[in-house]
Amino acid sequence: MPLSLRLSIADTLTLGNATCGFMAVYFTTTGILIPHIQGSNDSGMARSSAATAVILMLAAAIFDLFDGLVARKLRSSPMGAELDNLSDLISFGLAPAYFVLVYGMVANDAHQRVAAVGAIVVLLAVVLRLARFSCVTVKDGTFQGMPSPFGALTVVSIVLLELPFVATLLAIIGTAWLMVSRVEYPKPRGRLAVAMLSWIVLSMGLLAAWAFDAPGGQLLLQTGCALQLVLGAVIPLFATARRVNNFRDNRREARAQS
């Protein structure tokens, strides 16, 4: 192949990310949307398909985590950064936005057009976040705004919690705002990467228990989704507190030197 089209190991992982995102859209369509349009009342199939779609988004997050680690350890092709952004757009922009859209079509208390607006907000937030990531330099070890994989998982967690429609929509919009905000989030490296990977694997287990209707599966899923929301709310608070403390320390140093 031409040198410009040769893929590194990291690029292959990135393409796995994109494949998982596309398949998440596929299962959301074939297992939830189409049966609903056809008037099927098989809730087990819808539950299994929803769990599969979210598990695929989680798998995409694992690919996204490892492609960065592999790229730093080995190498990435000249296409690496572009492939990463395009794959993230599919898995963490299109897939969760489509999940929200379908939720608005099948949920009993949802409003389809309003849910469509929420889905567009999620998609545009990811587009803007990825575009800013490509052209804005931030200090090493941090992201500006909620990372798109974390934001996507938070959005689907909000949907799976089955809150009232207004609360669901407001929480989704709030998550989209965090993705384009200037709140600093730590990059998943070292122990944090291990913790993130462990959380993703645990989430897959909770989804599988829910999909197979295991005893307490619904409660376990709701607990996991609630913890995801708590993490999404707490991390910005810690980041803000750290920024305030750094500002105070800098002022104290300036006063001491004057």
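Owing to the predicted nature of the structure, the values given are computational and were not obtained by experimental measurement.
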Please find the pair of heavy atoms, one from [X] and one from [Y], that lie closest to each other, and give the distance.
X	Y	value
Leu207	Ala51	O-CB, 3.7 Å
Gly31	Pro35	O-CG, 3.5 Å
Arg132	Val180	NH1-O, 2.9 Å
Ala193	Leu65	O-CD2, 4.0 Å
Ala59	Cys20	CB-SG, 3.9 Å
Met57	Phe92	O-CE2, 3.8 Å

Can you find a pair of side-chain heavy atoms, one from [X] and one from [Y], that are under 4.5 Å apart?
X	Y	value
Asp64	Asp67	yes
Leu56	Tyr26	no
Thr14	Phe63	no
Leu130	Ser148	yes
Thr154	Leu231	no
Val121	Ile172	no
Leu58	Ile62	no

Counting only heavy atoms from other residues, nucleotides and ligands, does the tally under 6.0 Å from CD of Glu82 exceed 12?
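Not more than 12 within 6.0 Å, no.
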Does any N or O in the side chain of [X] come within less than 3.5 Å of the main-chain N or O of [Y], such that one atom is a donor and the other an acceptor?
X	Y	result
Arg182	Gln144	no
Thr168	Leu163	yes
Ser40	His36	no

Group every Ile, Leu, Val, Met, Phe, Trp and Tyr by side-chain heavy-atom contacts under 4.5 Å, then state whether Val155 and Leu229 land in the same group.
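Shared cluster, yes.
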In this structure, would Val117 and Leu170 fall into the same cluster of hydrophobic residues linked by side-chain contacts under 4.5 Å?
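In one cluster with Val117: Leu170, no.
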Short side-chain donor-acceptor distance under 3.5 Å, Asp88 and Asn17:
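Yes.
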Any luck finding a side-chain donor-acceptor pair between Gln228 and Trp199 under 3.5 Å?
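Trp199 and Gln228 do have a side-chain donor-acceptor pair below 3.5 Å.
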Parallel, tilted or perpendicular, as decided by the 30° and 60° cut-offs, for the rings of Phe165 and His111
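Ring orientation of His111 relative to Phe165: perpendicular.
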